[in-house]
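Counting starts at 1 for both ligands and their atoms, in listed order.
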Amino acid sequence: ANDEFDLAEFNEGDYAEAVATKNLAEQITMVLYPNDSSVNGKELRLRQQYFLSSASLQDLLARYVSQFGEDFSQFSEHNVLQLNDTHPSIAVPELMRLLLDKYSLSWDAAWAITSQSMAYTNHTLLPEALERWSVPMMKNMLPRIVEIIFEINARYLEHVAHHWPGDIQKLASMSIVEEGPEQHIRMAYLAIVASFSVNGVAGLHTQLLKQGLFNDFYQLWPDKFNNKTNGVTPRRWLAYCNPKLSALICRRLGDEWINDLSRLTALNAFSSDKQFVKEWAQIKFENKQALSTFVKQQCDVEFDPLMMFDVQVKRIHEYKRQLLNILHVIHLYRRILSGDTQNMVPRCVLIGGKAAPGYAMAKQIIKLANNVAHMVNSDPLVTPFLRMAFLPNYNVSAMEKICPGTDLSEQISTAGKEASGTGNMKFMMNGALTIGTLDGANIEMLEEVGDDNFFLFGLDANQVAQARINYQPQHIVEHSTALNGVMSMLKSGHFNLVEPGIFNDIIASIIDPNDQWMTAADFDSYCLAQEQVAKTYLDQDSWQKISIRNTAASGRFSSDNTIAGYRDEIWMKK
Ligand SMILES: *Cc1c(COP(=O)(O)O)cnc(C)c1O
C-alpha cells in the first residue's frame, strides 16, 4: 500500500479506516485463483493479472532504461516475455501503454517492440478454459487498456481483411472482440496477434491447435506456431524424491545423468542383470512401504506393499476421467463378490486430487471415490484382493512421496483433451508402468519406451471425434456385460444406501449421448488393458524389466530439454 497506516484516522478512533488502504492493497494478492481448466470471470482475478503483469513490465523497463536509456531500439533483442497461458496476456496492451504514454513512442514503434518481444504458450484446448473478459467490466477498471486493445484489433482486422477479402464472417470469428449482448475480449486471440511465437506443450496438442482451435491463425501466420513438449526436472523428480533409486543409478552410471538425463538409456544394459533387477525391485518395495505409511496417515487406509499400487493423482476433472478408474474399481469389486478371483492381482487403488471450489461434478466424483473406497475397505472378503483410498490435499510434497512408490500410473484422459500432462513423466522417471490413452505427452512416452512396455487402450483423438457424431452410450452399456453390471450396482444405490440419489448426476452423465468425455466408449478397452497389467504383474521378472526400461526411456522428458528448446528456438531465434 502507498500508505500502510493512517495515524490521523487512528487518533480519531477509527482503526478500520486507519488500515483500510493496506487491507485493500493486500486483497489483490491474498488468494491465487484455484481454477484449473475452467475460468471464472471475476473482477479480482483481472485485478491480480493486471497488477502482476504491470509490476513485472515496469520493473523490466526500469532495468532496461537504467542500462540503455530511453532508446528502445535494442529492447526486443534483449527481452522476451514468454506468456505462460493467457493469465499474463494483459501485458500486451500494458507494454503498449507504457511505451506510448510513459515513454512517448509512436504507435508503430511501440507495436514493433511489443510484437517482437511477446511469445505465447497455450496450455489447454478446452474452450471453457479460454479467458474472455467482459468489456464493460474492463472499461470500468482499465479504460486506457481497453482503448489500446480496440486499436490493436482494428489494425489487425485490416490484415485479416486483406488475407480473406470480402469475408465478413472471418472478421467476426477472428476478432479479438467477441460481439454479443455484452462484448468480450478474447485474451488468447490478443496473445496470438501480439506474439512472434505461439507454442503448444506436446506434439498432439500443437497439432490440434494448428488444425482446430487456432486454425485461422495458423493459416494467417504458419511460422508463428511451434511445439515445446513439457518436461519435469530430474533434480526434484528423481534425484531428490527417490534417493534410494538415485543411489542405485549412480552406483552403475555415475552421477552425470542428473544434468543429462538422456544418459539413463544406459540402464537398459542392466535390465537382464539379476543383481541389479533384484535391487531395483527391493527399492520399489521400500518406497511402497513409505507410501503405505503416508496413505495410512492421510486416509486411514491400510495399503499392503505386497499388493500392486495403482495410482491416479491429478486435479479432479471430468476429462481426466477419474470416473473411468472408479468404474473399474467397482468392476473388480463385483468380480471379487462373485468369486471370480482367479489370477486376480491384489491391488491398492489410490486416487488423489483437488477440485476447483465451484465445480460440482468434480466434487461428486470425489464423493463417489470415498464411498466406493468405504464399501471396498470394510468387506474382509474383498480387502485381500482390493483396497482403495482417496487422498485429499494432493500437492507437490505429496507427489514426492507418491511417484517413487507407484507401480501403475493412470493417464486415462479422453484422447485430445490433455494438453501434455507432467504427472505421467514423474511416474515414468520413477519406474512406474503406464496405463494410458493416446493423449498429450503419453504419445511421446509410448514412442520412447515402445508399445511392449506401455498399456495402451481406448479411442485416439480422431476416433473420439468420429465416435462423437453418433454416440450412444446406453447402447454400449447394454452390450457390455462388465459395464452393465457396474451401472446396475451404481443405480441400485449400493454405494449410497443412506444418501439416496446423490450419484444420479454421475450415472446420467455416463449414458448421456452428449457426454463430452465418452467414459462408456473406452470402458471395455480399459478393462482389457487392466487385465494385461495384471498378467504382466504376475510375472515379476518381466514387470521389473519393463520398469527399468521406463526409467531408461524417460530422458526426453527432462525439463532441461524443454528449456533448451525455448532458448534455442524462441528466445534466441529473432
Ligand atoms: C505433476 C503435478 C500435477 C500435474 O499432474 P497431471 O497428471 O499432469 O495433471 C498436478 N499437481 C501436482 C501437485 C503435481 O505434482
Query - Partner of Asn424 under side-chain hydrogen bond (donor to acceptor under 3.5 Å, both in side chains), chosen from Thr434, Asp439, Asn442 - result: Asn442

**Report entry** Point-to-point distance, once rounded to the nearest 0.5 Å, from CE of Met375 to CE of Met388
**Finding:** 13.0 Å

Report summary line: The residue among Thr121, Val201, Ile570 that forms side chain to side chain contact (heavy atoms under 4.5 Å, CB included) with Lys228 is Ile570

List, for ligand 1, each N/O atom that has a protein N/O partner under 3.5 Å away, with both atom names and the distance.
unit_1	atom_1	unit_2	atom_2	d
ligand 1	7 (O)	Lys314	NZ	2.7
ligand 1	8 (O)	Thr422	N	2.7
ligand 1	8 (O)	Gly423	N	3.0
ligand 1	9 (O)	Lys320	NZ	2.7
ligand 1	15 (O)	Tyr394	OH	3.4
ligand 1	15 (O)	Lys426	NZ	2.6

Query raised in the report: What is the minimum heavy-atom distance between Met307 and Thr383, and which atoms define it?
Result: CE-O, 3.7 Å

Requested in this report: Kindly write out the residues that satisfy side-chain contact (heavy atoms from CB on, under 4.5 Å) with Ala398, not counting sequence neighbours, or none if the list is empty.
Outcome: Phe294, Leu391, Tyr394, Asn395, Ile402

Query raised in the report: Do the ring centers of Phe217 and Tyr189 come within less than 6.0 Å of each other?
Result: yes

